[in-house]
Amino acid sequence: MLFKEERFTLKGHEIELRSAKDEDAQILIDGLIEVCGETDFLLAYKDEIDLTIEDEIKFIHGNNKSEGDGLVMAFVDGEYAGNASFNSNGRRRRFAHRGSIGIALKLRFTGLGLGPIMLERILEKMKECGLEQAELDVFATNARAIHVYEKLGFRECGRIPKAAKYDDGTYADEVHMVRSLIS
Ligand SMILES: CC(C)(COP(=O)(O)OP(=O)(O)OC[C@H]1O[C@@H](n2cnc3c(N)ncnc32)[C@H](O)[C@@H]1OP(=O)(O)O)[C@@H](O)C(=O)NCCC(=O)NCCS
């Protein structure tokens with residue numbers, strides 16, 4: 001699904017939201033490596049990101065052309081800040097009404113209020129696709145993200161203890177959250 005390109009001002013910053021283009025492939029890969037190196041709250045260590053430009057272009061096309069997937073990139077004052085995405089569980093009819101969300105902003109662009117705006121756009125797009133339920137997984141230690149998700153109407157529906165194990169031997173539980181897309 002393609003997102004409508006939009007520009008607005010947020011706390012004195014020029015924001016642009018739009019779908020990805022082929023020429024964004026390297027920016028997306030570099031952004032993922034950067035953000036994975038900055039936070040413990042994502043799925044991978046930065047040294048585990050081994051995407052090629054070809055992989056990323058395929059991923060961009062998949063998101064833009066699919067009826068049940070989408071990715072929106074955010075730029076702050078012209079600089080790539082992060083992205084939010086959704087994927088429907090569309091391969092089996094019994095599960096096709098559900099979709100999963102992901103979001104990651106570079107550390108220096110967090111705290112601006114951008115994440116919730118991007119998530120609103122994702123939720124709108126999921127409704128447009130006919131999805132009925134949005135879901136996401138978040139580490140229990142990620143209090144900021146959980147706060148944002150709860151503000152947007154997500155509720156915890158379960159957790160996996162010790163879902164992630166860090167290189168230093170510590171663990172994080174994973175919280176599964178859900179939000180209805182039909183009123
Ligand atoms: C999580 C994320 C998407 C939130 O987006 P954001 O634009 O930074 O969020 P906001 O600026 O709107 O605000 C954060 C809110 O959390 C609150 N907050 C900040 N730190 C917090 C903490 N430690 N505990 C609880 N609330 C916290 C802020 O007070 C603010 O609340 P308010 O809207 O009620 O005033 C973004 O920070 C991010 O991408 N982080 C890095 C990657 C990540 O964690 N991704 C999610 C993986 S599941």
Side-chain angles (χ1 to χ4, degrees), residues 1-46 48-49 51 56 59-60 63-64 69-87 99-129 131 134-156 164 166 172-181:
M1 294 289 282
L2 285 170
F3 284 79
K4 198 177 76 173
E5 202 167 308
E6 56 178 309
R7 288 168 192 272
F8 54 90
T9 305
L10 181 67
K11 295 186 182 158
H13 297 279
E14 289 302 317
I15 309 295
E16 182 186 2
L17 300 182
R18 64 164 174 82
S19 292
K21 305 170 188 166
D22 288 8
E23 51 271 35
D24 296 317
Q26 192 63 55
I27 296 173
L28 283 166
I29 295 171
D30 292 345
L32 183 61
I33 292 170
E34 184 174 335
V35 80
C36 284
E38 288 177 334
T39 174
D40 290 333
F41 298 139
L42 296 181
L43 297 180
Y45 283 107
K46 70 173 186 177
E48 295 174 313
I49 310 296
L51 294 164
E56 200 63 20
F59 171 74
I60 291 169
N63 278 296
N64 289 349
D69 306 285
L71 176 136
V72 64
M73 295 177 78
F75 296 82
V76 177
D77 299 324
E79 191 181 342
Y80 173 59
N83 72 73
S85 60
F86 72 95
N87 301 99
S100 307
I101 289 179
I103 184 165
L105 290 173
K106 295 182 184 181
L107 194 61
R108 61 188 177 284
F109 300 113
T110 59
L112 266 184
L114 186 53
I117 296 172
M118 296 165 74
L119 289 166
E120 290 281 11
R121 297 300 180 273
I122 291 286
L123 293 170
E124 284 160 17
K125 201 49 105 178
M126 292 175 86
K127 283 185 199 169
E128 230 178 86
C129 291
L131 292 170
E135 300 175 21
L136 58 85
D137 295 307
V138 55
F139 290 158
T141 41
N142 195 351
R144 171 165 58 191
I146 291 173
H147 174 83
V148 168
Y149 298 146
E150 284 178 341
K151 268 180 78 165
L152 289 169
F154 283 87
R155 293 293 171 258
E156 175 174 343
Y166 294 108
D173 294 352
E174 188 173 70
V175 177
H176 195 64
M177 301 187 84
V178 64
R179 179 201 191 274
S180 175
L181 295 168

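It should be emphasised that the depicted structure is a prediction, and the values quoted were computed from it without experimental measurement.
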Identify the two heavy atoms, one from [X] and one from [Y], that lie closest to each other, and give their separation to 0.1 Å.
X	Y	value
A145	V138	CB-CG2, 3.9 Å
I29	L51	CD1-O, 3.8 Å
I49	A44	CD1-CB, 3.8 Å
F139	Y166	CD1-OH, 3.5 Å
P116	V148	CG-CG1, 4.0 Å
L114	A81	CD2-CB, 4.4 Å

Would you mind reporting whether [Y] and [X] have side-chain heavy atoms less than 4.5 Å apart?
X	Y	result
F3	I122	yes
D24	R18	yes
E14	V76	no
D137	V175	no
L112	L105	no
L123	I101	yes
M1	C129	yes
I103	L119	yes

Practice prompt. Check whether any side-chain N or O of N64 sits under 3.5 Å from a backbone N or O of A20 as a donor-acceptor pair, and report yes or no.
Written response: yes
Discussion item. Whether the side chain of R121 engages the backbone of V72 through a donor-acceptor N/O pair (distance < 3.5 Å, no angle test) should be reported.
Written reply: no
Worksheet entry | Criterion side-chain contact (heavy atoms from CB on, under 4.5 Å) on I27 and M73, from CA distance to verdict | CA-CA 10 Å; I27 296 173; M73 295 177 78; 4.3 Å; yes
With rounding to the nearest 0.5 Å, note down the distance linking [atom1] in [X] to [atom2] in [Y].
X	Y	atom1	atom2	result
E6	L17	CD	CG	4.5 Å
N83	M118	CG	CE	6.0 Å
E124	L181	CD	CG	11.0 Å
F59	L71	CZ	CG	5.0 Å
M126	S100	CE	OG	7.0 Å
R144	Y149	CZ	OH	10.5 Å

Worksheet item: Is the CG atom of L2 crowded by more than 12 outside heavy atoms at less than 6.0 Å?
Response: yes
Item to complete: Apply side-chain contact (heavy atoms from CB on, under 4.5 Å) to D30 and Y80, showing your working.
Response: CA-CA 10 Å; D30 292 345; Y80 173 59; over 6 Å; no
Practice prompt. Report the C-alpha distance between R155 and E150 in whole Å, list the side-chain angles of each, state the deciding distance to 0.1 Å, and finish with yes or no for side-chain contact (heavy atoms from CB on, under 4.5 Å).
Written response: CA-CA 6 Å; R155 293 293 171 258; E150 284 178 341; 3.8 Å; yes
Practice prompt. May I ask you to decide whether E128 forms a salt bridge with K125, counting only side-chain N to carboxylate O separations under 4.0 Å?
Written response: yes
Worksheet entry | Ion pair check, R108 and E79, cut-off under 4.0 Å | yes
Worksheet entry | Side-chain donor-acceptor contact under 3.5 Å, N63 with D69 | no
